[in-house]
Amino acid sequence: MRMSRLFLRTLRDAPGDADVESQRLLVRAGYIRKVAAGVYSWLPLGQRVLRKVEQIVRDEMDDAGAQELSLPIIQPLELWEQSGRDALYGPLMFRLHDRKETGFCLAPTAEEVITATVRGEYSSYRDLPVNLYQIQWKYRDELRPRFGLLRGREFLMKDAYSFDADVEGLRESYRLMYDAYHRVFDRCGLTFRPVQAQSGEIGGDVNHEFMAVAAVGEDDFVWCRSCNYAANVEAARRRDPDPVATNGDEAALEPVHTPDMPGIAAVAQHLGLGEDELLKCMAFEADGRLGLALVPGDREVNEYALGTALAGSKFALLDEDGFARRSSLPKGYIGPHHPDVELIVADPSILARTEWVTGANTTDHHALHAVPGRDFTITTVAPLTAVVTGDACPNCGSELSVDRGIEVGHVFQLGTKYAELLGAVYTDEHGAQHPMVMGCYGIGVSRVVAAIVEEHHDGHGIAWPASVAPYAVHLVALAGKGDAAAAVRDAADHLYAALRSAGVDVLYDDRDSSPGVKFADADLLGMPVQLTVGAKGLARGVVERKIRASGVRDELAVDVVVDQMVASAMT
RNA sequence: CGGGGAGUGGCGCAGUGGUAGCGCACCAGCUUUGGGAGCUGGCGGUCGGGGGUUCAAAUCCCCCCUCCCCGACCA
């Protein structure tokens with residue numbers, strides 16, 4: 001492509017509303033343009049990158065045995081009413097009506113439609129398994145679209161759906177996708193981790209999020225640098241500290257005056273203690289019963305873990321209203337020896353210390369020497385603390401790290417939920433009917449583009465991995481003076497033609513601009529290899545090569561350039 | 001949804017009552033040519049929209065729209 005004809009305008013300044021580097025660079029370099037909050041146009045260069053990522057995804061999906069189809073973006077609301085997700089998604093869905101006032105939505109995802117589609121075609125165990133996918137635009141009216149392509153309201157997503165006869169089949173389908181995802185993100189040049197995660201609103205059991213490590217990520221996740229352990233911050237566990245036995249000679253419970261100190265930090269400072277010596281008592285109600293969740297004062301309660309510990313009970317931490325109703329609970333001064341407390345869930349670390357400082361259940365007072373088992377009775381011991389960097393890995397004991405990541409993929413074992421709700425059943429070899437067992441597998445294709453830029457850029461611009469670069473080579477012709485100018489132009493034209501006929505994708509800067517502009521644009525646009533044809537080099541029969549990512553430069557004889565480029569494209 | 005900030009040419013910005021300007025970009029000419037060149041001359045804006053105050057509004061007042069940031073409860 002000749003840059004003199006490319007629909008491209010690079011910007012020296014990024015728009016003021018860009019809030020992450022990927023957005024700033026993609027806009028400055030002319031890959032995308034914002035049309036509305038969370039809605040972007042993909043200009044020619046951007047479209048090429050999007051297609052590259054798409055094609056990697058398509059390759060790996062096809063290799064894994066999935067079949068591509070295309071489902072509608074406009075979906076009847078009726079399907080969403082059947083699955084019950086109409087209400088669940090609520091205002092997150094873009095809604096519209098046709099002229100007959102029939103309700104539709106713009107697809108935020110496609111479990112309903114795909115299930116209805118398979119239901120209409122397949123009904124025998126002989127048909128299964130089958131895995132269908134599409135690469136299609138999705139729509140979510142996010143509360144707060146932000147971070148450019150990372151949280152848009154319109155985004156390109158690959159969604160695959162597997163249908164199996166039984167759970168064993170599902171596990172195999174899931175494994176195929178899980179493995180394919182590794183290959184996809186490897187090929188895209190991303191540093192990532194699959195992490196155990198919660199299922200969120202889609203429902204189902206086993207699932208993994210694929211997190212690209214990035215400071216601008218919206219989700220914290222926990223991973224071990226020594227072993228393979230990785231988990232969503234809510235599902236993460238640490239290795240529990242060992243319990244210590246009480247000697248039985250601890251001093252008796254002793255009240256202490258702590259005026260106007262409803263927080264851990266103030267009390268610890270006042271008493272000259274570490275925050276980890278204080279007992280944090282978080283009040284909750286579970287099925288109407290008052291409970292306390294106990295963690296060390298320097299820790300926070302992981303509500304998801306608390307839910308697990310309460311084994312399905314409906315529970316909620318007390319809010320302001322709750323405290324208002326429970327007037328006997330002095331918020332900030334609660335101790336576990338409270339007469340109204342019906343159950344106490346304690347983190348294992350509570351048993352790793354013989355005595356605690358805790359609330360005295362009287363405003364402005366705390367209590368020293370609270371001994372588990374003596375002064376209060378623990379109903380259940382279960383992991384409750386939110387994991388932080390430096391905690392011990394539950395698998396290997398090494399240090400865990402809590403980092404931010406961009407969720408670029410998510411794989412779920414859905415089970416039979418949608419098949420049951422929407423009637424996708426098959427007949428087995430004995431003539432009995434069963435719901436199909438489903439899995440679903442998403443990749444945020446447009447988000448991946450942004451994630452790649454987040455990982456592959458520097459102060460000058462983007463540095464695309466070769467696998468997704470819009471062009472393999474950025475050929476720069478420097479206009480010289482007089483006869484030299486003509487020679488340079490001539491040599492560059494020939495090189496351009498030769499590279500193209502050798503099958504190399506070339507972006508050719510044939511513009512009549514100064515060298516500075518051309519170099520700056522080349523670095524900003526980020527093709528993996530830059531070839532510069534200038535009068536000086538040409539006189540010696542060489543062109544200069546610069547590897548964008550490393551900045552390494554060398555010179556190539558003009559007559560070996562094409563072979564070199566073709567060879568490096570192979571590797 | 002609540003709080004804060006902001007909308008002025010394609011992009012970045014200035015302009016606190018007197019009729020709109022700067023840089024980049026764009027167009028023309030001349031010069032320049034290995035890291036975002038110089039000079040000269042141009043094109044381009046109903047100042048987010050509507051209403052109001054005023055002799056006069058980008059500027060003051062009201063309403064609306066859009067955009068950005070922050071905000072859950074750790075006791």
Side-chain angles (χ1 to χ4, degrees), chain A residues 8-20 23-24 27-30 33-39 43 90-91 143-148 258 261-267 275 278-285 292-303 306 315-323 326 329-336 338 347 358-361 363 366 384-386 388 459-461 476-482 484-485 488-489 509 511-525 530 532-539 543-544 546 551 553 555:
Chain A
L8 173 73
R9 186 108 298 150
T10 58
L11 304 176
R12 200 174 292 208
D13 300 303
D17 60 4
D19 44 12
V20 289
Q23 185 189 11
R24 276 192 282 271
V27 171
R28 275 191 58 211
R33 287 287 181 263
K34 186 160 101 168
V35 173
V39 180
L43 305 186
L143 213 57
R144 187 137 77 91
R146 55 182 162 174
F147 302 148
T258 51
M261 292 178 205
I264 295 283
V267 176
E275 294 187 12
L278 271 66
L279 188 62
K280 183 184 282 188
C281 305
M282 297 291 289
F284 63 86
E285 285 176 343
L292 293 181
L294 308 187
V295 296
D298 60 338
R299 290 291 179 155
E300 297 212 338
V301 171
N302 176 347
E303 284 188 56
L306 179 58
F315 80 100
L317 290 178
L318 254 58
D319 55 14
E320 292 297 340
D321 289 348
F323 277 102
R326 300 267 188 181
L329 277 182
K331 185 180 178 184
Y333 299 95
I334 301 172
H338 193 288
D347 186 77
T358 186
N361 293 316
T363 300
H366 280 74
L384 291 182
T385 63
V388 299
H460 299 288
V476 176
L478 297 182
K481 300 184 235 193
V488 165
R489 174 56 54 102
D509 193 344
R511 298 174 300 174
D512 185 26
S513 305
S514 69
V517 170
K518 293 189 171 192
F519 291 138
D521 273 347
D523 286 346
L524 177 61
L525 295 177
Q530 297 172 11
T532 301
V533 182
K536 291 177 187 168
L538 206 55
V543 300
E544 183 181 294
K546 175 175 147 185
R553 300 161 195 259
E555 291 181 339

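Chain letters run A, B, ... following the sequence lines, proteins first and then strands; every chain starts at 1. All values derive from a computational prediction rather than experimental measurement.
- Checking B:rC74, B:rG36, B:rG35 against the side-chain heavy atoms of A:E300 singles out B:rC74 as nearest.
- Taking only side-chain atoms of A:L478, from C-beta outward, the nucleotide of B:rC74, B:rG34, B:rC68 with the closest atom is B:rG34.
- Take the nearest nucleotide of RNA chain B for A:F323 and for A:S513: the residue whose nucleotide is more 5' is A:S513.
- Between A:R146 and A:D19, none of the side-chain N atoms (NZ, or NE/NH1/NH2) sits under 4.0 Å from a carboxylate O, so this pair counts as no salt bridge.
- Every residue two or more places apart in sequence or in another chain that forms a side-chain hydrogen bond (donor to acceptor under 3.5 Å, both in side chains) with A:E555 is listed here: A:R540.
- Across all strands shown, B:rG34 forms no Watson-Crick or G-U wobble pair with both key distances under 3.5 Å.
- In terms of phosphate contacts, A:S514 brings a side-chain nitrogen or oxygen within less than 4.0 Å of OP1 or OP2 of B:rA37.
- Each of A:K280 and A:A535 has a nearest nucleotide on RNA chain B; the 5'-most of these lies closest to A:A535.
- For A:K34 and B:rC68, the shortest distance from a side-chain N or O to OP1 or OP2 is below 4.0 Å.
- For B:rU53, there is no paired nucleotide, since no Watson-Crick or G-U wobble pair has both relevant distances below 3.5 Å.
- Considering every non-hydrogen atom in both A:L306 and A:A293, the closest pair reads CD1-CB, 4.1 Å.
- B:rC73: no Watson-Crick or G-U partner with both key distances under 3.5 Å is found in any strand.
- Remark: B:rG21 base-pairs with B:rC13. Criterion, Watson-Crick or G-U wobble with two distances under 3.5 Å.
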Nucleotide N/O of nucleotides 20-24 of chain B paired with protein N/O under 3.5 Å:
none

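- The side-chain hydrogen bond (donor to acceptor under 3.5 Å, both in side chains) test applied to A:R24 returns A:E21, not counting sequence neighbours.
- Judged as a salt bridge (charged side-chain N to carboxylate O under 4.0 Å, His left out), and not counting sequence neighbours, the contacts of A:D347 are A:R238.
- With hydrogens and angles left out, the side chain of A:R553 and the base of B:rG35 share a donor-acceptor pair within 3.5 Å.
- Using a 4.0 Å heavy-atom cutoff across all strands shown, A:L329 reaches no nucleic acid atom at all.
- Counting non-hydrogen atoms under 4.0 angstrom, A:D19 reaches the backbone sugars and phosphates but no base.
- Heavy atoms only, all atoms of each residue included: A:S513 and A:K518 are closest at O-CE, 3.7 Å.
- With B:rC26, B:rC74, B:rA37 as the candidates, the nucleotide lying closest to the side chain of A:R9 is B:rC26.
- Residue contacts shown for A:Y333 are limited to sugar-phosphate atoms, with no base heavy atom under 4.0 Å away.
- When distances run from any side-chain atom of A:R146 to the nucleotides B:rC74, B:rC69, B:rA37, the shortest one goes to B:rC69.
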Grab the N/O contacts between the protein and nucleotides 28-31 of chain B below 3.5 Å, and write none if there aren't any.
none

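- A salt bridge is defined here as a Lys NZ or Arg NE, NH1 or NH2 lying under 4.0 Å from an Asp or Glu carboxylate O, and A:K546 with A:D523 meets this definition.
- Using the Watson-Crick or G-U wobble rule with both distances under 3.5 Å, B:rA28 pairs with B:rU40.
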What string of B, S and - do you get for nucleotides 3-10 of chain B 5' to 3' if you count protein non-hydrogen atoms under 4.0 Å?
--------

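- When Watson-Crick and G-U wobble pairs are counted only if both distances are under 3.5 Å, B:rU66 pairs with B:rA6.
- Ion pairing between A:R326 and A:E285 holds under the 4.0 Å rule for side-chain N and carboxylate O.
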